[in-house]
> 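Sharing a structure here in structure tokens format.
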Amino acid sequence: MIMAERYAIGEKVEIGSYLFTPERIVHFAERFDPQPFHLDAEAASQSLFGGLCASGWHTCAAWMRTFVAYWERECVRLLSEGIEPPKLGPSPGFRTLQWIRPVFAGEEVAYTVTFLSSRALASRPGRRLNSILCEGTIADGTPVVRFESTVIEFE
């Protein structure tokens, strides 16, 4: 099975959610994005954002975490039905990354993936390039992050 046989073009799938606790926000920021509004609630309250908020990179990393967990579950499900799941490889990149709205401490982001396209790579027989739209929204449906990614698939 290839991705284009599993997902219809334009099909959006919920892949999971991630709760941005103050502890998670600070832990990520200490390691990767040490700006005051990600590190300290008091400093954040005096910033443009008005409160402790997650790094945009953290929102993207959380998307990846939920996608990997989703894909592992999906592969187990397909195998249990006797279906060989698509063999996904790495991503050669992404584009149009948008951090639409800050994600504040205590907010949970629900992540989705939408299958956009798939094409065989003429220069690499047996490989495909899939394009996906990756998104995250908070509980009221407000979008917070969006980007398009490509994923290599091995036939």
Side-chain angles (χ1 to χ4, degrees), residues 1-21 23-35 37-39 49 53-105 107-155:
M1 169 181 282
I2 62 172
M3 290 289 283
E5 294 168 341
R6 168 62 186 94
Y7 298 100
I9 300 297
E11 181 178 352
K12 182 184 277 194
V13 176
E14 293 179 14
I15 61 171
S17 63
Y18 184 89
L19 178 61
F20 287 85
T21 65
E23 297 78 17
R24 284 177 166 177
I25 289 171
V26 171
H27 179 72
F28 185 93
E30 286 173 337
R31 296 172 63 207
F32 303 110
D33 193 353
Q35 298 182 75
F37 40 83
H38 302 319
L39 291 170
F49 300 113
C53 60
S55 166
W57 297 114
H58 191 178
T59 64
C60 292
W63 181 91
M64 180 56 84
R65 179 183 178 126
T66 59
F67 179 77
V68 169
Y70 162 77
W71 191 245
E72 288 172 352
R73 291 188 311 271
E74 184 66 1
C75 287
V76 167
R77 185 187 69 76
L78 290 170
L79 286 169
S80 75
E81 295 175 9
I83 300 168
E84 184 67 30
K87 294 173 189 72
L88 301 183
S91 170
F94 66 92
R95 63 188 187 125
T96 62
L97 171 60
Q98 299 172 294
W99 292 314
I100 302 162
R101 174 201 175 275
V103 175
F104 293 99
E107 290 185 317
E108 187 167 2
V109 175
Y111 290 104
T112 60
V113 62
T114 303
F115 189 65
L116 299 177
S117 66
S118 181
R119 66 178 175 85
L121 293 175
S123 63
R124 302 279 185 153
R127 295 184 187 173
R128 304 186 68 76
L129 190 64
N130 300 310
S131 294
I132 57 175
L133 177 63
C134 311
E135 298 176 286
T137 59
I138 57 171
D140 68 1
T142 300
V144 295
V145 63
R146 178 183 302 125
F147 58 96
E148 290 182 34
S149 181
T150 51
V151 179
I152 294 173
E153 180 178 353
F154 302 95
E155 293 182 51

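This structure is a prediction, so every number in the text was calculated from the model and none was measured.
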> So do the side chains of V109 and T59 get within less than 4.5 Å of each other, counting heavy atoms only?
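Contact flag for V109/T59 side chains = no.
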> With F49, which residues qualify under side-chain contact (heavy atoms from CB on, under 4.5 Å), at least two apart?
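F37, S47, C53, P102, F104.
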> Name all residues meeting the side-chain hydrogen bond (donor to acceptor under 3.5 Å, both in side chains) criterion together with E108; count only those two or more places apart in sequence or in a different chain, and write none if there are none.
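Checked E108 against side-chain hydrogen bond (donor to acceptor under 3.5 Å, both in side chains); matches are S17.
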> Not counting sequence neighbours, which residues clear salt bridge (charged side-chain N to carboxylate O under 4.0 Å, His left out) with E155? List them please.
R128
> Could you tell me which residues satisfy ring-ring contact (aromatic ring centres under 6.0 Å, His included) with H38, sequence neighbours excluded, listed by chain and number?
none
> Backbone N or O of P86 within a donor-acceptor pair of the E153 side chain at under 3.5 Å?
no
> Could you work out, with side-chain contact (heavy atoms from CB on, under 4.5 Å) as the rule, every residue matching E23, not counting sequence neighbours?
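Counting only residues at least two positions away or on another chain, E23 forms a side-chain contact (heavy atoms from CB on, under 4.5 Å) with T21.
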> List in chain and number order the residues that pass salt bridge (charged side-chain N to carboxylate O under 4.0 Å, His left out) with E81, two or more places apart in sequence or in another chain; answer none if no residue qualifies.
R77
> Quick one: side-chain hydrogen bond (donor to acceptor under 3.5 Å, both in side chains) partners of R101, sequence neighbours excluded?
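Listed in chain order: E107.
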> Output the distance between atom CZ (R24) and atom NE2 (H27), rounded to the nearest 0.5 Å.
10.5 Å
> Let me confirm one number: the OH-CE distance from Y111 to M64, rounded to the nearest 0.5 Å.
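Going from the OH atom of Y111 to the CE atom of M64 covers 11.5 Å.
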> Got a sec, which residues hit side-chain hydrogen bond (donor to acceptor under 3.5 Å, both in side chains) with K12, two or more places apart in sequence or on another chain?
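For K12, the residues satisfying side-chain hydrogen bond (donor to acceptor under 3.5 Å, both in side chains) (neighbours in sequence not counted) are E135.
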> side-chain hydrogen bond (donor to acceptor under 3.5 Å, both in side chains) with R127: which residues, sequence neighbours excluded?
none
> Show the atom names and distances, to 0.1 Å, of all donor-acceptor pairs under 3.5 Å that link a side chain in residues 89-100 to residues at least two apart or in another chain.
| unit_1 | atom_1 | unit_2 | atom_2 | d |
| --- | --- | --- | --- | --- |
| S91 | OG | G93 | N | 3.1 |
| S91 | OG | G93 | O | 3.0 |
| S91 | OG | S149 | OG | 3.3 |
| S91 | OG | T150 | O | 2.6 |
| R95 | NE | E148 | OE1 | 3.4 |
| R95 | NH2 | E148 | OE1 | 2.9 |
| Q98 | OE1 | R146 | NH1 | 3.2 |
| W99 | NE1 | G56 | O | 3.0 |

> Let me check something: any side-chain donor-acceptor pairs from residues 65-72 under 3.5 Å, sequence neighbours excluded? List them with distances.
| unit_1 | atom_1 | unit_2 | atom_2 | d |
| --- | --- | --- | --- | --- |
| T66 | OG1 | A62 | O | 3.3 |
| T66 | OG1 | W63 | O | 2.8 |
| Y70 | OH | Y7 | OH | 2.7 |

> Could you tell me which residues satisfy ring-ring contact (aromatic ring centres under 6.0 Å, His included) with F115, sequence neighbours excluded, listed by chain and number?
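For F115 there are no ring-ring contact (aromatic ring centres under 6.0 Å, His included) partners, ignoring immediate neighbours.
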> At what distance, to the nearest 0.5 angstrom, does CD1 of I15 lie from CD1 of I132?
8.0 Å
